[in-house]
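As the structure is a computational prediction, the values presented were derived from the model and not from experiment.
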Amino acid sequence: MSGLADRLPRLLSLVPYLLARPGIPIAEAAADFGTTPRQLRRDLELLWMCGLPGYGPGDLVDLSFSGDTVTVTEDAGMRRPLRLTTAEATALLVALRTLGEAPGVVDTEAVQRATAKIERAVGDAGIATVAVDLSREEEATATAVRGALDRGRALQIVYYTAGRDAVSRRTVDPMRLLLVEGHGYLEAWCREREGVRLFRLDRVEEVTELDEASAPPPDAEPTDVSAGLFSPSEEHRTAVLEIDREARWIAEYYPVDEVVEHPDGSGSARVLLRYADPAWLVRLVLGLGGAARVVEPPALAAAVAERARAALAGAKG
């Protein structure tokens, strides 16, 4: 049976293909799609079950068979070309450019071709100038990591851990490069922590390829990021913060589980942030100069207020 990776693109293409060729022999259509007549009939049977919500007459794809030929008699709206709003096209372009500019993560040529098609299609909307650029430091890090992966070498990195506000030197065995939620990551076996870790590329301050083989243990499992990057751990606590527009960057830089926009359109939001060290979070909030406020837990809000009062008292003295 055809695999899903082959079958899904074929199913998506079949209706417009058949609409343009009414009464085409099934064997000819199968040859055009590089499959067997038997498999194509199975695809057509599956298409018969597809359609728009409601699933009554006129909502489902309908087919007419005559001998060994097939004709689409009801397309359930699938003849209409895909149209993107400006917001949708912009979001898609941002995602594609992020992918294309993360070296070694994906087939950049394929991404560039897709980006060019969308830019041509929506050029009149004036969004072709949307740009997502990696910093030179991050690009250099990604290039060094990709080289180590290609050569099967271990790495030594100097890494900033945002949750603890600490910098550490690690020796790691690279496993793969990932792009998750708009950020590039190195997934590697960390020898110091004796476990698989994800290192965000823009927080790698130094990277050195070592003259020794990368050797993750056989039981080192890739991280499942299908449900999001961060998963709760025993060392993590959570805090609810109110942040103003100028502090929105923390929702991109630190592990945030939830962002709830304020309905007034001011750009402020309430975020659920994970942290390991309360002292670090107190320093973070104080450093934002009033652009962030702790809502929960009360003890943390009290700690911020106490530190602020102490700082004011010291300044007056």
Side chain to side chain contact (heavy atoms under 4.5 Å, CB included), that's the test. Do R41 and I26 meet it? Break it down for me. CA-CA 8 Å; R41 285 186 179 275; I26 291 176; 3.4 Å; yes

Residue pair R197, E192: steps toward the salt bridge (Lys or Arg N to Asp or Glu O under 4.0 Å) verdict: CA-CA 11 Å; R197 295 291 187 271; E192 283 71 20; over 6 Å; no

Rounded to the nearest 0.5 Å, how far does CZ of R293 lie from OG of S268? 7.5 Å

Can you name the closest pair of heavy atoms from W189 and P217 and give their distance? CD2-CD, 3.3 Å

Is a side-chain donor-acceptor pair under 3.5 Å present for Q156 with R170? no

What is the minimum heavy-atom distance between T73 and S64, and which atoms define it? CG2-CB, 3.6 Å

Please confirm whether the backbone N or O of T69 pairs with a side-chain atom of S66, one donor and one acceptor, at under 3.5 Å? no

Can a donor-acceptor pair be found, under 3.5 Å and without considering hydrogens, that links the side chain of D264 to the backbone of S266? yes

Distance check, rounded to the nearest 0.5 Å: C190 atom SG versus D173 atom CG? 9.5 Å

Exam field: side chain R248 to backbone G267, donor-acceptor pair closer than 3.5 Å: yes

For residues 299-307, please give each side-chain donor-acceptor pair under 3.5 Å, one per line with the distance, not counting sequence neighbours.
none

Are R191 and E212 ion-paired here, with the side-chain N under 4.0 Å from a carboxylate O? yes

Are R176 and E187 ion-paired here, with the side-chain N under 4.0 Å from a carboxylate O? yes

Scanning both residues in full, the closest heavy-atom pair of L288 with A292 reads CD1-CB, 3.4 Å

With sequence neighbours excluded, give me every salt bridge (Lys or Arg N to Asp or Glu O under 4.0 Å) pair touching residues 148-160. R151-E209, R153-E209, R153-D211

Cut-off 3.5 Å, no hydrogens considered: what does the side-chain donor-acceptor table look like for residues 16-24, sequence neighbours left out?
| unit_1 | atom_1 | unit_2 | atom_2 | d |
| --- | --- | --- | --- | --- |
| Y17 | OH | D32 | OD2 | 2.5 |
| R21 | NH1 | Y17 | O | 3.1 |

